[in-house]
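As structure tokens, the structure follows; a few thoughts come after it.
Numbers restart at 1 for each chain; the letters A, B, ... are given by sequence-line order, proteins then strands.
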There are 2 protein chains.
Amino acid sequence: MTGVAAPNAEEAVSLGELEESLGFLLRIAQVHAFQRFYDAFGDGGLRPGEFSVMWVIRLNPGVRQGLLAETLEIKPAQMTKMVRRLEEQGLVRRVIPDYDRRSVQLFLTGQGEAFTEAHGEAFFHHDDHTHLDLSERESHQLAHLLRRYIGLKKGPVE
Amino acid sequence: MTGVAAPNAEEAVSLGELEESLGFLLRIAQVHAFQRFYDAFGDGGLRPGEFSVMWVIRLNPGVRQGLLAETLEIKPAQMTKMVRRLEEQGLVRRVIPDYDRRSVQLFLTGQGEAFTEAHGEAFFHHDDHTHLDLSERESHQLAHLLRRYIGLKKGPVE
DNA sequence: TATTGTTATACTCTATAACTATA
DNA sequence: TATAGTTATAGAGTATAACAATA
């Protein structure tokens with residue numbers, strides 16, 4: 001007997017213990033976050049991650065590329081492509097420093113500064129609590145717990 | 001002037017407002033969750049998502065494939081491939097019901113039942129708080145807030 | 001005509017390792 | 001010998017639309 005009769009109301013699917021699984025919930029949450037990002041920024045051809053990279057370069061001018069990759073958990077090979085792309089768009093400048101000519105220091109160009117200046121508020125607004133069924137307090141708490149989850153010690157916000 | 005002097009202590013990269021960005025934190029958190037999953041289950045060739053799919057089929061025998069895809073936010077084309085793969089492995093059975101021969105009902109095979117039975121505890125344990133710097137209460141709260149973030153109403157756990 | 005699932009295609013993302021330049 | 005970054009390659013994941021079967 002294998003359920004050949006038509007189900008009455010098929011719209012209820014139970015998830016059981018998955019509703020407590022952080023891995024499962026994080027995957028779904030990230031699907032939503034990506035969708036949210038593309039709804040807000042997809043037009044300009046900006047990719048997820050690119051804004052974050054520029055933002056961190058802006059806060060840490062001259063940061064070494066490998067350290068940036070490590071911090072943002074982006075693989076070196078991927079970071080190379082991302083930086084090259086941003087360089088081609090005139091947003092980022094690569095500098096080979098004299099004290100270690102193997103390494104690459106990263107800076108925003110004037111255009112890159114202008115871009116992050118122009119879109120920073122929109123970026124940080126697009127995924128904040130005002131677009132969610134979360135209160136501001138819950139949103140901060142979610143961010144706090146996610147930082148704990150990934151082992152990120154909160155540094156000074158400038 | 002482009003920072004040609006060697007930095008003294010280069011290991012501190014500030015993230016600024018990114019530390020409050022849910023999209024950013026969710027991406028990093030998912031990288032960690034994936035790594036965690038592969039550390040625990042990578043050997044058996046199990047992919048992220050496959051266990052979840054089997055788990056939900058087990059709780060909802062005969063669930064329609066499209067409804068499953070919608071629930072788990074997996075695209076139909078991807079779900080087809082995933083189900084075919086699970087079918088080839090003898091874990092899932094596809095049934096075309098008489099009441100709607102366009103649709104596909106999904107069931108676990110005996111082997112699929114055995115698999116979820118054998119690995120369920122390990123799966124739900126591998127990403128719980130005991131492996132994290134989170135208390136049990138914080139872990140539950142994180143799950144709760146993630147459910148709120150994705151708009152998931154918690155159903156009855158069986 | 002609309003819906004369910006499948007297929008085909010292309011594209012992005014990712015992982016890995018080999019490679020170069022430099023230390 | 002070790003490190004920083006790059007390149008090349010292949011593999012996995014994803015999006016899209018066209019398609020066949022059924023409703």
Close N/O contacts between protein and nucleotides 19-23 of chain C (under 3.5 Å):
from   : atom 1 : to       : atom 2 : distance (Å)
C/dA23 : OP1    : A/Arg101 : N      : 2.9

Query - Ring centroid separation B/His125 to B/His131 under 6.0 Å - result: yes

Query raised in the report: Given atom CG of B/Leu67 and atom C1' of C/dG5, what is their separation to the nearest angstrom?
Result: 14 Å

Requested in this report: Verify the contact: side-chain N or O of B/Arg94 to OP1 or OP2 of C/dT6, cut-off strictly under 4.0 Å; return yes or no.
Outcome: yes

Requested in this report: Provide the full list of ring pair (Phe, Tyr, Trp, His ring centres under 6.0 Å) pairs with a residue in residues 67-98 of chain A, sequence neighbours left out, each pair given once.
Outcome: none

Query raised in the report: Between A/Lys81 and A/Arg27, who's closer to the 5' end of DNA chain D by nearest nucleotide?
Result: A/Lys81

Report task. Could you tell me which residues satisfy salt bridge (Lys or Arg N to Asp or Glu O under 4.0 Å) with B/Arg147, sequence neighbours excluded, listed by chain and number? Result -> A/Glu20

**Report entry** Between C1' of C/dG5 and CD of B/Glu87, the distance in whole Å
**Finding:** 13 Å

Report task. Mind running a 4.0 Å heavy-atom check of residues 68-79 of chain A against DNA chain C and sending the residues that fall below it, in number order? Result -> A/Lys75, A/Ala77, A/Gln78

Report summary line: Residues passing the side-chain contact (heavy atoms from CB on, under 4.5 Å) test with B/Ala29, sequence neighbours excluded, are A/Leu26, A/Leu146, A/Tyr149, A/Ile150

Report summary line: Between CD of B/Gln35 and C1' of C/dA15 the distance, given in whole Å, is 11 Å

Requested in this report: Measure from CZ on B/Arg85 to P on C/dG5 and round the result to the nearest Å.
Outcome: 21 Å

Query raised in the report: Quick one: do B/Arg85 and B/Glu50 make a salt bridge, cutoff under 4.0 Å?
Result: yes

Query - side-chain contact (heavy atoms from CB on, under 4.5 Å) partners for A/Asp39, two or more places apart - result: A/Gln35

Query raised in the report: Can you check the A/Leu106 CG to D/dA4 C1' distance for me, whole Å?
Result: 12 Å

Query - Contacts of A/Asn60 that satisfy side-chain contact (heavy atoms from CB on, under 4.5 Å) - sequence neighbours left out - result: A/Val56, A/Val63, B/Val13, B/Ser14

Query raised in the report: Tell me the ring pair (Phe, Tyr, Trp, His ring centres under 6.0 Å) pairs involving residues 52-75 of chain A, sequence neighbours left out?
Result: A/Phe51-A/Trp55, A/Trp55-A/Phe124

Query raised in the report: Is there a side-chain polar atom (N or O) of B/Ser103 under 4.0 Å from OP1 or OP2 of C/dT4?
Result: no

Query raised in the report: In whole Å, what is the span from the CZ atom of A/Arg84 to the P atom of D/dA8?
Result: 11 Å

**Report entry** B/Arg64 CZ to C/dT3 P, straight-line distance once rounded to whole Å
**Finding:** 12 Å

Requested in this report: Measure the distance from OH on B/Tyr38 to C1' on C/dT14 and round it to the nearest whole Å.
Outcome: 10 Å

**Report entry** Those residues that, when tested against A/Arg84, pass side-chain contact (heavy atoms from CB on, under 4.5 Å) (two or more places apart)
**Finding:** A/Thr80, A/Glu87, A/Arg94

